[in-house]
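All remarks here apply to the structure that follows.
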Amino acid sequence: MLYNSTENANEVVSSAQAIAQGISPDGGLFVPQEFPQYTLDTFKELLPLDYQGRAKKVFADYLTDFTAEEIADCVDKAYTEEKFESKNPAPIVSKKYNGNDVNILELWHGPTCAFKDMALQILPHLLTKSLKKTYDGKDAVILVATSGDTGKAALEGFKDVDNTKIIVFYPVDGVSPMQKHQMTTQAGNNVNVCAIKGNFDDAQTGVKKIFTTPEISAKLAENNMLFSSANSINWGRLLPQVVYYISAYCDMVNAGKIALGDKINVVVPTGNFGNILAAYYASCMGLPINKFICASNSNNVLTDFINTGVYNKNRKFFTTISPSMDILVSSNLERLLYKLSGNNDVVTKDWMTKLKTESTYEVTDEVKNTISSLFFGGFCDDDNTKQTIKNMFDQEGYLCDTHTAVAVNVYDQYVAKTNDKTPVIIASTASPYKFSKAVLEAVKPDVELPATEFEMVDMLNQITNAKIPSPLASLKDKEVRFNNTTEVDSMPDYVLNALEIK
């Protein structure tokens, strides 16, 4: 299995190289040159396996330059009962919303209480093995731009991992207080956290620019280092997300909710498009998916794109109560466009160049029609997000976070518009306690909010009786280690200074 860049098909690498580099030198993203094909017989073989067994199968089919022993070592270290509080790190909870059955795939039982743990608990193991295969002796410098959850999950995954250093940038006013506290109190001798004066898109653009600046890469090389990424631009971040859709389908079959071969709908709250792209990639392998329902908040650039074929980031940016989706440049959409354009790197590069230079591009009618046949795009503003949290709690006693609520609301819109009752999986991406203020205001609109985030956590627990995840409960007494803030233009200097490179 080989991989090539979305913007230069002649840039071909192994899976280990793709994971170690994170991004192609031309700025493109690495994609598999083919997809393993899973038949119903393949799924029959997966049904009796646990999550870890299914993960080993999927990884083996994509990471063909890894041995079975290497893959097993990565999986067994990543998905432990100790880290995820269960043998199944991604359980399904079945509820109803407005009379419709919903199967909620809870992806937030890991050490940072967000879906990013599903990938970022295994990525450090994949990366260190990849480095030994391809860049033996070099240290990897992990650069991360985060809208809240990726940063903490990456920090937790990479803390004190040999031969790695990690630097995380987050928008100074663009994460929840709990997300900020998680990052700024992070333990580890190889970690660094810095706020930027800008939004997530500024952070993401800044990181990508650092990656592709030859002078900076040369300075790292002189010091026996190389850049890599923990964002979902890294294939080692995206591939683990494919696994949980395949595993969830098997769990649905085993629970008698569907028969083997039945199609499902998938609803994903997403800003960067990686989480829903993973579901699309699973379908390319043979997972029977009828519709990909893409749920956005008020930053509804993806909704507009799915409905019109025009991507336009030149619009008002909203700071919402679902901050992990406050994104106007959806970097993983590039991978989808490459696939739907017939693996055309020239066309894909042209669209991405237009996005950088003109802030907008329009896909061909053929690609637009394919997207509209596969995807449904909808969005939900803050008021409706809060109402959905309240409705779900009042109807079912189930407490969901602000991002999951966006997905539930958009799914409700989809059913109302189409009357499609295909069995559904809704990706639940974070614990409600990561966004206690907004969730508290939702379930108890007239409540007088306490002064601190942790008092809000306690009040939310008293009102709802929903369990507080232990990783969040233990944060209360941790001291802040990182108070750094920098301008976007100063991010390269910050990185070099943090690495003690002149």
Test side-chain contact (heavy atoms from CB on, under 4.5 Å) on Val168 and Asn192; report intermediate values, then the result. CA-CA 6 Å; Val168 171; Asn192 194 295; over 6 Å; no
Between [Y] and [X], is there a side-chain donor-acceptor contact under 3.5 Å, judged purely by atom types and distance?
X: Tyr338; Y: Asn4; value: yes
X: Gln186; Y: Lys152; value: yes
X: Asp251; Y: Tyr51; value: no
X: Gln179; Y: Asp149; value: yes
X: Tyr38; Y: Asp61; value: yes
X: Trp108; Y: Thr429; value: no
X: Asn163; Y: Tyr135; value: no
X: Glu45; Y: Thr42; value: no
X: Gln204; Y: Asn272; value: yes
X: Glu334; Y: Thr6; value: yes
X: Tyr361; Y: Asp350; value: no
X: Gln241; Y: Tyr244; value: yes

Quick check for you: to the nearest 0.5 Å, what is the distance between [X] atom [atom1] and [Y] atom [atom2]?
X: Lys263; Y: Ile289; atom1: NZ; atom2: CD1; value: 10.0 Å
X: Ile293; Y: Phe376; atom1: CD1; atom2: CZ; value: 7.0 Å
X: Met491; Y: Ile167; atom1: CE; atom2: CD1; value: 9.5 Å
X: Asp493; Y: Thr486; atom1: CG; atom2: OG1; value: 8.0 Å
X: Gln37; Y: Met285; atom1: CD; atom2: CE; value: 8.0 Å

Could you tell me whether the side chain of [Y] reaches within less than 4.5 Å of the side chain of [X], counting heavy atoms only?
X: Ser331; Y: Lys208; answer: no
X: Met325; Y: Ser147; answer: no
X: Asn103; Y: Ile426; answer: no
X: Thr150; Y: Leu120; answer: yes
X: Tyr280; Y: Leu374; answer: yes
X: Met183; Y: Val175; answer: yes

Before you tell me yes or no, could you show the steps for Asp326 and Asn199 under side-chain contact (heavy atoms from CB on, under 4.5 Å), namely the whole-Å CA-CA distance, both residues' side-chain angles and the distance that decides it to 0.1 Å? CA-CA 8 Å; Asp326 290 350; Asn199 59 37; over 6 Å; no
Does [X] reach the main-chain N or O of [Y] with its side chain, forming a donor-acceptor pair under 3.5 Å?
X: Thr357; Y: Thr353; answer: yes
X: Asn265; Y: Ile425; answer: no
X: Ser330; Y: Asn332; answer: no
X: Ser24; Y: Ser5; answer: no
X: Ser15; Y: Leu63; answer: no
X: Asn234; Y: Gly236; answer: yes
X: Thr205; Y: Asp202; answer: no
X: Asn190; Y: Asp160; answer: yes
X: Asp65; Y: Ala16; answer: yes
X: Ser373; Y: Thr370; answer: yes

Is the distance between the ring centroids of Phe115 and His403 less than 6.0 Å? no
Has [X] got more than 12 heavy atoms of other residues, nucleotides or ligands less than 6.0 Å from its [atom1]?
X: Lys209; atom1: NZ; value: no
X: Lys83; atom1: NZ; value: yes
X: Lys138; atom1: NZ; value: yes
X: Lys129; atom1: NZ; value: yes
X: Glu366; atom1: CD; value: no
X: Lys44; atom1: NZ; value: no
X: Lys165; atom1: NZ; value: no

Going through the checks in order, is the ring pair (Phe, Tyr, Trp, His ring centres under 6.0 Å) test met by Tyr245 and Tyr281? CA-CA 10 Å; Tyr245 290 108; Tyr281 275 1; over 10 Å; no
Phe66 six-ring face occupied by Lys133 cation (under 6.0 Å, within 45°): yes
The test is side-chain contact (heavy atoms from CB on, under 4.5 Å); show your working for Lys354 and Thr360 and say whether it passes. CA-CA 6 Å; Lys354 284 181 178 174; Thr360 185; over 6 Å; no
Evaluate side-chain contact (heavy atoms from CB on, under 4.5 Å) for Val75 paired with His125, printing each intermediate quantity in order. CA-CA 9 Å; Val75 170; His125 302 293; over 6 Å; no
So that I can tick it off, tell me whether Glu215 and Lys219 are bridged by a salt bridge, with the cut-off set at under 4.0 angstrom between side-chain N and carboxylate O. no
Going through the distances and angles, do Trp351 and Tyr311 end up as a ring pair (Phe, Tyr, Trp, His ring centres under 6.0 Å)? CA-CA 9 Å; Trp351 286 331; Tyr311 196 102; over 10 Å; no
